[in-house]
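Just so you know, these numbers come straight off a predicted model, no measurement behind them.
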Amino acid sequence: MKSAPPDDSFSQYPPQSKTQMSILTSTDLKGSLELLSRGKVRDLYAIPNSDSLLFVATDRISAYDVNMKNGIQDKGRLLTGLSEFWFDLLKDVCPNHLLSTEIPEAAAEFKDQLVGRSMVVKKHKIFAVEAIVRGYITGSAWSEYQKKGTVHGIKVAEGLQESEKFPEPLFTPSTKAEAGEKDENIHPDEVAAIVGGQHYADRIKELAIELYTKAAQHAEKKGIIIADTKFEFGLNEKGEVVLVDEVLTPDSSRFWLQSTYKVGGGQDSYDKQFLRNWLTETGVKGVEGIEMPAEIVQKTRAKYIEAYEMLTGKQWQ
C-alpha cells in the first residue's frame with residue numbers, strides 16, 4: 001500500500017519540461033472549432049458535421065464555487081487521464097459518452113494546447129441532477145447531520161461520527177445549477193420531477209450506486225477510500241441512461257488515504273479539500289480572484305499526481 005509523501009517530498013514531482021505545455025488556464029483555437037462554453041474547468045467545443053463535442057480540461061481550479069486566479073500545472077491532463085481510466089474500468093456497468101481522446105483534425109494545429117487533455121464525446125440529452133453517492137459521512141452531509149440528524153433529508157442512524165462509513169452507500173442528489181449558480185442538495189424523491197419520470201430517477205440511482213461500489217472496491221485495493229463522488233448522466237438515442245462528464249476525479253470526488261483513515265475527524269485527502277482548507281484558514285473562502293501561492297500550487301499538483309498513480313497503477317509523466 002502506498003503512503004502519502006511527507007510535506008518536504010512534494011518536490012519529487014518536477015515542473016514540466018520546456019517541451020511540454022505550461023499551465024493552461026484557457027484554450028484558444030482561433031475559431032477552428034466553435035467554442036460553446038467555458039466551465040469551471042473545461043472548455044467545450046462543437047465538432048462540425050458530427051454528433052460529438054470536444055471537451056478540453058484546462059488547468060483551472062475552483063473551490064467554493066469560485067475559480068482561482070492561477071491554475072495547477074498538469075491538472076487538466078491528470079483529470080483526463082483519470083476519467084479515461086475509469087470509463088474503461090466501468091464500461092460493463094453502463095455505456096458512457098467517451099468516443100476518443102484523439103485531437104479532431106480541424107484542431108490539429110493546436111495540439112500543443114489539446115494533447116493529453118481532450119476527450120471527444122457523443123452528444124446526449126443531459127439530466128439536470130448531480131448523482132452524488134456517499135459512502136462516508138463528511139462535508140455538507142456531516143454538517144446537516146449535526147444539525148438535523150439527516151443527510152439530504154434522509155433519516156440516518158444516530159450517533160455517527162465524522163468520516164464514519166455508512167452501512168450502505170447513500171444516493172444523495174443535488175440540482176445541477178446553471179453557470180454562476182450553486183447546486184442545491186435535494187431528497188432522492190425529488191429527482192423524478194427533474195429528470196422526467198420515476199423510471200429515469202430509479203435508473204440513475206441504481207447506476208450511481210453500482211458505479212460507486214465498483215470504483216470504491218478498486219480504490220480500496222490501491223490504498224484509497226472514495227468517501228463520496230458525483231456522477232452525471234445523459235440519455236442516448238436508444239433511451240438508455242449513459243454516464244457523461246468527467247468521472248471519479250479529485251474534482252468530483254473525495255479521496256482519502258486508507259492507511260491514515262481514522263473515524264472522528266477530517267482525513268488526509270487527495271482532492272480539492274487541501275485547497276479548501278487553505279482558503280478557509282486564510283479567510284478568503286468564496287472570494288473571487290484569489291491567487292494561490294506557489295507552495296499551494298505545488299502541493300495540490302502533487303496530491304493529484306499521487307491519486308492518479310495510486311488509482312491507475314501508472315507513473316505520471
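- In this view, Arg134 and Asp228 satisfy the salt bridge (charged side-chain N to carboxylate O under 4.0 Å, His left out) rule, not counting sequence neighbours.
- Within the 4.5 Å cutoff, side-chain heavy atoms of Ile61 are placed close to those of Leu275.
- Thr280 is linked by a side chain to side chain donor-acceptor pair (under 3.5 Å) to Tyr64, counting only residues two or more places apart in sequence or in another chain.
- Under the 4.5 angstrom side-chain criterion for Ile, Leu, Val, Met, Phe, Trp and Tyr, the cluster partners of Val115 are Leu29, Leu33, Leu35, Tyr45, Ile47, Leu54, Val56, Leu99, Ile103, Phe110, Leu114, Val120.
- Atom CD1 of Ile132 and atom OG1 of Thr172 lie 5.0 Å apart (nearest 0.5 Å).
- Put simply, the side chain of Thr101 never gets that close to the backbone of Ser118: no donor and acceptor are under 3.5 Å apart.
- Linking ILVMFWY side-chain heavy atoms closer than 4.5 Å, directly or via other members, places Tyr304 and Trp278 in a single hydrophobic cluster.
- Contacts of Lys272 classified as salt bridge (charged side-chain N to carboxylate O under 4.0 Å, His left out), with partners at least two apart in sequence or in another chain: none.
- A salt bridge links Lys122 and Glu237; the closest N-O separation between the charged side-chain nitrogens and carboxylate oxygens is under 4.0 Å.
- Side-chain contact check for Thr58 versus Arg42: every heavy-atom pair is 4.5 Å or farther apart.
- Residues Lys299 and Glu295 are paired through a salt bridge, judged by an N-O separation under 4.0 Å between the basic side chain and the carboxylate.
- Listed by chain and number, the residues in a ring pair (Phe, Tyr, Trp, His ring centres under 6.0 Å) with Tyr308 are Trp316 (sequence neighbours excluded).
- Annotation: the span from Gln113 atom CD to Asp43 atom CG amounts to 9.0 Å, rounded to 0.5 Å.
- Between Tyr145 and the choices Thr150, Val156, Thr138, Ile154, the side chain to side chain contact (heavy atoms under 4.5 Å, CB included) rule is met once, by Val156.
- Each of Arg301, Lys40, Arg117 was evaluated against Asp59; a single residue qualifies, Arg117, per the salt bridge (charged side-chain N to carboxylate O under 4.0 Å, His left out) test.
- Taking both residues in full, the closest heavy atoms of Pro169 and Val133 are given as CB-CG1, 3.8 Å, listed atom of the first, atom of the second, then distance.
- Val244 shares a hydrophobic cluster with Ile126, Val242; the chain of contacts runs through ILVMFWY side chains whose heavy atoms sit under 4.5 Å apart.
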(message) As a quick check of understanding, evaluate side chain to side chain contact (heavy atoms under 4.5 Å, CB included) for Phe231 and Ile204, giving each step before the final call.
(response) CA-CA 9 Å; Phe231 298 109; Ile204 288 169; over 6 Å; no

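- With contacts defined as side-chain heavy-atom distances shorter than 4.5 Å, the pair Ile23/Thr25 qualifies.
- Residues His124 and Leu235 have side chains not in contact (no heavy-atom distance under 4.5 Å, counting atoms from C-beta outward).
- At a threshold of 4.5 Å between non-hydrogen side-chain atoms, the residues Phe255 and Ile226 count as touching.
- Hydrophobic clustering (ILVMFWY, side-chain heavy atoms < 4.5 Å, transitive): Tyr261 and Ile137 are in distinct clusters.
- Annotation: the span from Lys165 atom NZ to Glu168 atom CD amounts to 9.0 Å, rounded to 0.5 Å.
- Side-chain N/O atoms of Glu184 and Thr175 include no donor and acceptor closer than 3.5 Å.
- Evaluation of the side-chain contact (heavy atoms from CB on, under 4.5 Å) rule for Lys147 yields no partner, not counting sequence neighbours.
- Shortest non-hydrogen contact noted between Leu243 and Cys94 is CB-SG, 3.9 Å.
- Proximity of the aromatic rings of Phe166 and Tyr136 is defined here by a centroid distance below 6.0 angstrom, and this criterion is not met.
- Contact annotation: the side chain of Lys214 approaches that of Leu90 to within less than 4.5 Å [non-hydrogen atoms, C-beta and beyond].
- Between Arg38 and Ser26, the side chains place a donor N or O and an acceptor N or O closer than 3.5 Å (distance only, hydrogens not considered).
- Between Lys91 and Asp88 there is a salt bridge, since at least one side-chain N of the basic residue sits less than 4.0 Å from a carboxylate O of the acidic one.
- When the side chains of ILVMFWY residues are joined at heavy-atom separations under 4.5 Å, either directly or via intervening members, Val195 and Leu211 end up in a single hydrophobic cluster.
- Side-chain contact between Thr300 and Lys75: absent, with no pair of heavy atoms (C-beta onward) separated by less than 4.5 Å.
- Counting all heavy atoms, side chain and backbone alike, Thr229 lies closest to Ser253 at OG1-OG, 2.6 Å.
- Using a cutoff of 4.0 Å between basic side-chain nitrogens and carboxylate oxygens, Lys176 and Glu232 are scored as salt-bridged.
- Applying the side-chain contact (heavy atoms from CB on, under 4.5 Å) test to Thr249 and every residue at least two apart in sequence or in another chain returns Leu79, Leu82, Ser83, Glu246, Asp251, Ser252.
- Shortest non-hydrogen contact noted between Thr80 and Gly116 is CB-O, 3.5 Å.
- Remark: Asn96 CG to Glu84 CD distance equals 10.5 Å, nearest 0.5 Å.
- Note: the hydrophobic cluster containing Ile225 does not contain Val151 (ILVMFWY, side chain heavy atoms under 4.5 Å, direct or indirect links).
- In plain terms, the two heavy atoms of Leu53 and Ala46 that are nearest each other are CD2-CA, 4.2 Å.
- Under a cutoff of 6.0 Å and an axis angle of 45°, Lys303 and Tyr270 form a cation-pi pair.
- With sequence neighbours excluded, the residues forming a ring pair (Phe, Tyr, Trp, His ring centres under 6.0 Å) with His218 are Phe85, Trp86, listed by chain and number.
- Within a 6.0 Å radius of CD in Glu102, other residues, nucleotides and ligands contribute 12 heavy atoms or fewer.
- Residue-environment remark: CD (Gln146) exceeds the threshold of 12 foreign heavy atoms within 6.0 Å.
- From Asn70, atom CG reaches atom CZ of Arg60 across 13.0 Å, with rounding to the nearest 0.5 Å.
- His152 places a side-chain N or O within 3.5 Å of a backbone atom of Ile186 that can act as its donor or acceptor partner.
- In this structure Asp51 satisfies the salt bridge (charged side-chain N to carboxylate O under 4.0 Å, His left out) test with no other residue, sequence neighbours excluded.
- Under a 3.5 Å cut-off, the side chain of Gln73 and the backbone N or O of Gly71 do not form any donor-acceptor pair.
- In this structure, the side chains of Phe171 and Tyr212 stay at 4.5 Å or more apart for every pair of heavy atoms.
- Looking at Asp74, its side chain never comes within 3.5 Å of a backbone N or O of Arg77 through a donor-acceptor pair.
- Between Phe55 and His97, the gap from one ring centroid to the other is short of 6.0 Å.
- To the nearest 0.5 Å, atom CE of residue Met119 and atom OG of residue Ser52 are 12.5 Å apart.
- The minimum heavy-atom distance between Gly39 and Asn67, with the atom names listed, is O-ND2, 4.5 Å.
- Residues satisfying the side-chain contact (heavy atoms from CB on, under 4.5 Å) test with Val287, not counting sequence neighbours, are Val284, Ile290.
- Under the rule for a salt bridge (charged side-chain N to carboxylate O under 4.0 Å, His left out), Glu164 has no partner lying at least two apart in sequence or in another chain.
- Leu170 is not connected to Phe233 by any chain of hydrophobic side-chain contacts under 4.5 Å among Ile, Leu, Val, Met, Phe, Trp and Tyr, and they are in different clusters.
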